[in-house]
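Following: one structure in structure tokens, then a few remarks.
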Amino acid sequence: MSQTHANSEPHSEPNLRPKLMLIDGNSITYRAFFALPPLSNSQGQFTNAVYGFTQMLLKVLQTEHPTHVAVAFDAGKQTFRHRVYDEYKGTRQKTPSELSEQFPLVREVLEAFEIPALEVPEYEADDIIGTLATNAEAKGYEVLVVSGDKDLLQLVTNQVNAILTRKGVTDVERYTPESVFERYELTPRQIIDLKGLMGDNSDNIPGVPGVGEKTAIKLLKEFGSVEAVLSHIDDVSGNKLKERLRENEDKALMSKQLATIFCEVPINVAVDALTYSGQLTPKVLTVFRKLGFKSLVDKISREIDFSTNPSTVVDGKGGETKGVDEDTASATQETGVSSGDGTLTTKPAPQTPYQLIATKMELEQLWRQLRGEVGVIPVCDGADYHTANLEGFAIGTKSACYYVSFDGELETTDVKPLWSKDFEKTVFDLKSLVVLLDAHGQTLTPDGHWFDVLVSSYLLNPSDGELTLQNLLERELHRNVPQCNWDAVGDVEKKSQVASWLLELKHHINAGLREQELDDLFYKVELPLEFVLANMEVLGFRVNSERLKGIGGELQKQLEHLTEQIYQHAGMEFNINSPKQLGEVLFEKLGLPAMKKTKTGYSTSADVLEKLAPYHDIVADILQFRQLGKLQSTYVEGLLKVIRPETDRVHTRFHQALTATGRLSSSEPNLQNIPIRMEEGRKLRLAFEPTYQDWVILSADYSQVELRILAHLSGDEALVQAFRNDEDIHTSTAATVFGVAPEEVTSLMRRQAKAVNFGIVYGISDYGLSQNLNITRAEAARFIEDYFSKFPGVANYMKEIVEGARKTGYVTTLLNRRRYLPDIHSRNFNLRSFAERTAMNTPIQGTAADIIKLAMVRIDQALRESDLQARMLLQVHDELIFECPQTEVEELEALVHEKMENALTLSVPLKVDVHVGRTWYEAK
DNA sequence: TGCGACACG
DNA sequence: GTGCCGTGTCGCA
């Protein structure tokens with residue numbers, strides 16, 4: 001591994017060797033455009049791409065400190081590659097004007113940075129970069145190429161490294177020849193061969209059809225290059241593959257040619273002329289202001305080196321003066337600029353003094369030193385917080401770092417003072433800390449002054465991709481996070497440094513929460529909810545494995561019987577679980593009419609099969625087989641695997657920072673999708689029991705919560721009235737839409753109205769409804785039209801929510817939870833329509849999530865304050881499951897009713913149904 | 001490893 | 001030339 005550069009600090013260790021950074025301007029700008037929501041500044045000019053580009057630029061300059069920099073751009077449409085292959089980049093959509101108008105802005109930014117922008121007619125940015133990289137390498141430079149396109153990996157050598165974006169814009173990864181090999185098992189030059197074989201959709205490079213990354217790598221590992229593969233086709237394993245290679249020899253060779261970066265572009269600028277001073281001039285601030293980059297103005301102002309002029313620092317707290325802290329950044333920014341004299345320097349992250357705490361005496365001293373805000377990172381011997389052992393805590397303050405080790409005489413109970421209100425603790429993933437400490441008999445509570453950077457940053461953007469601590473630090477603070485193994489002991493000094501960065505992250509995120517008015521949602525709902533979820537995870541749900549095995553035995557018998565019958569119908573044996581083989585049997589052997597196709601073959605989905613049922617008895621058996629097979633594999637065998645044998649319990653994980661709408665999700669096992677709709681599956685709930693003999697399961701579910709929310713949000717009079725009268729909503733909708741009295745509504749009419757109601761909540765389309773009801777599109781469109789004319793408030797709400805999303809780029813729930821919808825401006829019909837439906841659905845689904853989360857927090861609090869033994873086991877989106885002694889049923893029922901129905905006050909009542917039973921099955 | 005199928009709200 | 005919202009898990013190719 002040659003991580004030496006990434007972790008070195010150029011300032012402390014002057015580097016005499018020149019370092020050239022070459023940035024692929026097109027690739028980074030493109031990537032930024034699609035990764036970021038369509039931000040625009042006060043003049044309505046779109047700035048997301050230039051913003052992302054600038055973020056990226058700042059980050060790489062700050063972390064790499066190059067001595068020479070250039071940015072390359074594609075020049076115009078036609079390139080020499082089109083002469084080879086006229087369909088080159090043919091599938092690529094026309095560059096949207098929202099993007100192309102930002103390229104001049106990118107150049108303005110570069111001008112302010114005094115970084116040259118290069119382009120050469122007929123050549124692409126790649127080729128310019130390749131040429132300069134080669135030249136510079138020959139002159140003894142260290143070279144870094146920065147791009148979003150993994151093609152550039154072909155340029156990597158020991159002297160030329162690549163920095164590629166991973167997710168978003170600023171989440172990057174640095175590649176050396178070793179790390180290219182680690183990732184692809186190929187040398188950098190073989191990246192060209194890889195593309196020759198697998199092609200590239202975005203550039204319309206064909207490759208060999210049917211060969212993807214996996215196959216291509218396998219072939220290259222064996223033969224080395226495209227040419228070698230083609231001259232040894234006979235030695236390739238797999239007949240189909242051989243055939244494909246033979247048929248596509250030309251394509252493979254041409255694809256390789258297209259993918260090869262041309263390193264002899266005629267450029268009239270010398271590498272040595274591309275010097276970069278490393279100093280930001282005030283011009284940069286001017287351009288940032290003009291573009292409306294408020295946060296970047298703050299950011300670079302914060303990094304201004306005031307060491308020569310400390311008196312300009314305005315620090316209201318009169319505290320530390322060596323840094324500019326977040327809260328005063330806006331004040332100092334003005335001073336920094338108006339003084340206008342000097343140059344502004346970006347600085348690498350500070351190193352904070354570190355101390356190991358391993359004895360009682362050292363710990364005593366720590367308590368005397370420590371006060372106020374601390375970042376805390378638990379250090380464990382494994383990734384799974386349900387089973388890992390706690391080995392110590394990395395602790396960071398603004399000015400010091402510590403590691404408290406439980407390796408010697410200290411144990412977890414010794415750090416108890418840390419959990420008191422006296423310390424304001426910031427962590428990443430509070431729930432996991434609560435679970436970890438519970439294993440050591442320590443109970444953390446919401447009143448202990450907490451901040452969680454995971455859940456809070458999720459609120460700022462729930463669709464931001466995987467939220468890891470590393471991602472957050474890099475994305476939000478532009479910190480180069482030291483390499484360390486987070487799921488193991490060791491690296492404690494680095495971890496404690498990161499712990500102190502948690503505090504900066506907190507302030508950064510807090511500012512965002514205030515700006516989006518999300519502080520209430522975070523502090524009053526999500527943060528306390530972490531403790532509720534932790535307790536549910538730790539407690540688990542008791543499962544009777546004997547009963548489950550009994551159900552499994554029954555299923556097995558039925559499955560065997562069905563298998564036999566299906567073979568008989570088919571006249572042959574085959575794998576019923578294989579959609580491919582099944583398709584062949586149904587549509588070729590038995591000649592049933594194929595109604596739909598998927599990319600891989602015939603569709604055998606349930607809705608297709610249901611239509612085929614009248615043609616052949618085999619179809620019903622297959623549907624039955626599929627259903628039972630699912631029950632057996634997922635719910636019997638899958639569940640048995642995760643029952644802890646010592647306790648007969650399953651412990652799900654709730655994910656609080658995952659869904660785009662604000663819902664929770666559950667996994668390992670997923671207890672939010674235990675069967676209920678079909679009786680056979682529902683029987684599985686017989687295996688879910690209360691902990692003790694004389695206890696019961698109590699379930700409480702919101703009735704029609706999403707439609708009630710729709711009534712509230714839209715204010716539609718008819719819908720509101722229906723709920724105020726406590727009518728059966730689907731019957732009432734049917735009566736209204738079909739213009740009949742409620743008692744004249746037939747079951748068909750009710751079923752159709754129900755589908756329309758669902759469709760409305762999902763962001764309706766005539767196609768979707770027609771599929772669901774098995775009617776024509778025209779008929780579905782009629783239904784929708786009728787519905788909207790009878791519920792004009794709903795029609796208007798849907799129109800306005802989409803318009804609002806177009807204007808602001810996001811939608812919100814009743815508690816201000818936000819979801820960005822960048823595709824709302826897409827030129828792609830599909831993506832745009834999807835975003836529009838999402839705009840209609842998310843406020844509804846998300847508000848339902850807000851409401852039940854609030855109810856959970858209130859119920860948890862009420863239970864803790866009461867003397868009830870009852871406890872919450874699960875949340876399933878619109879219902880809560882509890883267990884309690886039989887004697888508590890009445891009181892718990894009253895409590896749950898009260899808290900759930902009054903979680904929020906809407907213009908329609910919230911209604912909750914409660915069911916009690918010996919098992920989960922019987923609580924219906 | 002991506003996809004189809006299917007479990008839930 | 002489209003396809004109703006949000007999830008997780010299994011088996012196949």
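Protein chains get the first letters and strands the later ones, always in sequence-line order, with residue 1 at the start of each.
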Next item on the list: Can you label the angle between the A:Tyr602 ring and the A:Phe587 ring as parallel, tilted or perpendicular, going by 30° and 60°?
Entry: tilted
Check: Looking across every strand, which nucleic acid part, if any, lies under 4.0 Å from A:Ala606 by heavy atom: base, sugar-phosphate, or nothing?
Finding: sugar-phosphate
Notebook entry, point to check: Given atom CG of A:Asp823 and atom P of C:dT2, what is their separation to the nearest angstrom?
Noted result: 18 Å
Notebook entry, point to check: So, do A:Tyr762 and C:dC5 meet the stacking rule of ring centres under 5.5 Å and planes under 30°?
Noted result: yes
Next item on the list: Just compare C:dT9, B:dG4, C:dG1 and give me whichever is closest to any side-chain atom of A:Phe829.
Entry: C:dG1
Margin query: Taking any heavy-atom pair under 4.0 Å as a contact, classify A:Phe758: base, sugar-phosphate, or nothing.
Written below: nothing
Next item on the list: Record whether the side chain of A:Gln845 comes under 3.5 Å of the base of C:dC5 through a donor-acceptor pair of N or O atoms.
Entry: yes
Checklist line | Short side-chain N/O contact to C:dT2 OP1/OP2 from A:Ser765, under 4.0 Å | finding: no
Next item on the list: Select base, sugar-phosphate, or nothing to describe what A:Gln581 touches, counting heavy atoms under 4.0 Å on all strands.
Entry: sugar-phosphate
Notebook entry, point to check: When we call it a touch if two heavy atoms are under 4.0 Å apart, what does A:Thr842 touch: a base, just sugar-phosphate, or nothing?
Noted result: nothing
Next item on the list: Select one nucleotide: of C:dG6, C:dC5, B:dC8, the one nearest the side-chain heavy atoms of A:Arg677.
Entry: B:dC8
Next item on the list: Classify the side chain of A:Arg626 and the base of C:dG11 as holding, or not holding, a donor-acceptor pair under 3.5 Å.
Entry: no
Check: What is the distance from atom CG of A:Leu555 to atom CD of A:Gln632, rounded to the nearest 0.5 Å?
Finding: 5.0 Å
Check: Which nucleotide in the list B:dA5, B:dG9, C:dG6 gets nearest to the side chain of A:Ile676?
Finding: B:dG9
Next item on the list: May I have the distance from A:Lys630 (atom NZ) to B:dG4 (atom C1'), rounded to whole angstrom?
Entry: 11 Å
Checklist line | Length of the CG-P vector between A:Leu555 and B:dA7, whole Å | finding: 12 Å
Notebook entry, point to check: Does the side chain of A:Val794 come within less than 4.5 Å of A:Tyr787's, by heavy atoms?
Noted result: yes
Check: Using atom P of each nucleotide, how far apart are B:dG4 and C:dG3 to the nearest Å?
Finding: 12 Å
Check: What does A:Ala660 touch in the nucleic acid at a heavy-atom separation under 4.0 angstrom: a base, only the sugar-phosphate, or nothing?
Finding: sugar-phosphate
Checklist line | Atom pair CD/CG of A:Gln190 and A:Leu153 - distance to nearest 0.5 Å | finding: 12.5 Å
Item checked: Donor-acceptor pair present, A:Arg663 side chain and B:dG9 base, under 3.5 Å -> yes
Margin query: Within the 4.0 Å heavy-atom criterion, would you say A:Ile844 contacts the bases, only the backbone, or no part of the nucleic acid?
Written below: nothing
Notebook entry, point to check: When all nucleic acid strands are considered with a 4.0 Å heavy-atom cut-off, which category describes A:Gln627: base, sugar-phosphate, or nothing?
Noted result: sugar-phosphate
Checklist line | Rounded interatomic separation in angstrom, taking OH from A:Tyr602 and P from C:dC12 | finding: 21 Å
Notebook entry, point to check: Where the side chain of A:Tyr635 is defined as all heavy atoms beyond and including C-beta, which of B:dA7, C:dC5, C:dT9 is the nearest nucleotide?
Noted result: B:dA7
Note to self: Students often get this wrong, so: under 4.0 angstrom with heavy atoms, is A:Asn772 touching a base, only sugar-phosphate, or nothing?
What the structure shows: base
Next item on the list: Decide yes or no for A:Phe723 and A:Ile729: does some side-chain heavy atom of the first lie under 4.5 Å from some side-chain heavy atom of the second?
Entry: yes
Checklist line | Interatomic distance, A:Asn670 CG vs B:dC6 P [rounded to whole Å] | finding: 18 Å
Next item on the list: Using the C1' atoms only, state how far B:dA7 lies from C:dT2, rounded to an integer number of Å.
Entry: 27 Å
Notebook entry, point to check: Is the distance from OP1 or OP2 of C:dG8 to the nearest side-chain N or O of A:Ser665 less than 4.0 Å?
Noted result: yes
Note to self: The side chain of A:Asn577 is closest to which nucleotide in this list: C:dC5, C:dG11, C:dG8?
What the structure shows: C:dG11
Notebook entry, point to check: Among B:dC6, B:dA7, C:dC4, which nucleotide sits nearest the side chain of A:Asn673?
Noted result: B:dA7
Checklist line | Euclidean distance for P, C:dG1 against B:dC6 (whole angstrom) | finding: 28 Å
Notebook entry, point to check: Looking at C:dA13, B:dA5, C:dG6, which one has an atom nearest to any side-chain atom of A:Thr661?
Noted result: C:dG6
Note to self: Counting only side-chain heavy atoms from C-beta out, which of C:dG6, B:dG4, C:dG3 sits nearest to A:His877?
What the structure shows: C:dG6
Notebook entry, point to check: In terms of side-chain heavy atoms of A:Thr604, which of C:dG8, C:dC10, B:dA5 is nearest?
Noted result: B:dA5
Next item on the list: Whole angstrom is fine here: how far is it from CG in A:Leu628 over to P in C:dG11?
Entry: 15 Å
Notebook entry, point to check: Under 4.0 angstrom, heavy atoms only, what part of the nucleic acid is A:Ser605 near: base, sugar-phosphate, or nothing?
Noted result: sugar-phosphate
Next item on the list: Tell me which nucleotide among B:dC6, C:dG11, C:dG3 gets nearest to the side chain of A:Asn830.
Entry: C:dG3
Next item on the list: Step through the shown structure and confirm whether more than 12 heavy atoms of other residues, nucleotides or ligands are within 6.0 Å of CZ on A:Arg644.
Entry: yes
Note to self: Check this for me: does the side-chain of A:Arg653 come within 3.5 Å of the base of C:dG8 through a donor and an acceptor?
What the structure shows: no
Next item on the list: For the residue pair A:Tyr820 and A:Ser463, establish whether any side-chain heavy-atom pair is separated by less than 4.5 Å.
Entry: no
Next item on the list: Calculate the interatomic distance between A:Phe625 atom CZ and C:dC10 atom C1'; express it in whole Å.
Entry: 13 Å
Notebook entry, point to check: Which part of the nucleic acid, if any, lies within contact of A:Leu631, taking any heavy atom under 4.0 Å across all strands shown: a base, the sugar-phosphate backbone alone, or nothing?
Noted result: nothing
Check: What is the distance, rounded to the nearest whole Å, between atom CD of A:Gln624 and atom C1' of B:dC6?
Finding: 14 Å
Next item on the list: Take A:Asp766 and A:Arg819, find for each the nucleotide of DNA chain C with the closest heavy atom, and name the residue whose nucleotide sits nearer the 5' end.
Entry: A:Asp766
Next item on the list: Please work out if A:Val761 contacts a base, only the sugar-phosphate, or nothing of the nucleic acid, heavy-atom cut-off 4.0 Å.
Entry: nothing
Note to self: Counting neighbours of NZ on A:Lys221 that are heavy atoms of other residues, nucleotides or ligands and sit closer than 6.0 Å, is the number greater than 12?
What the structure shows: no
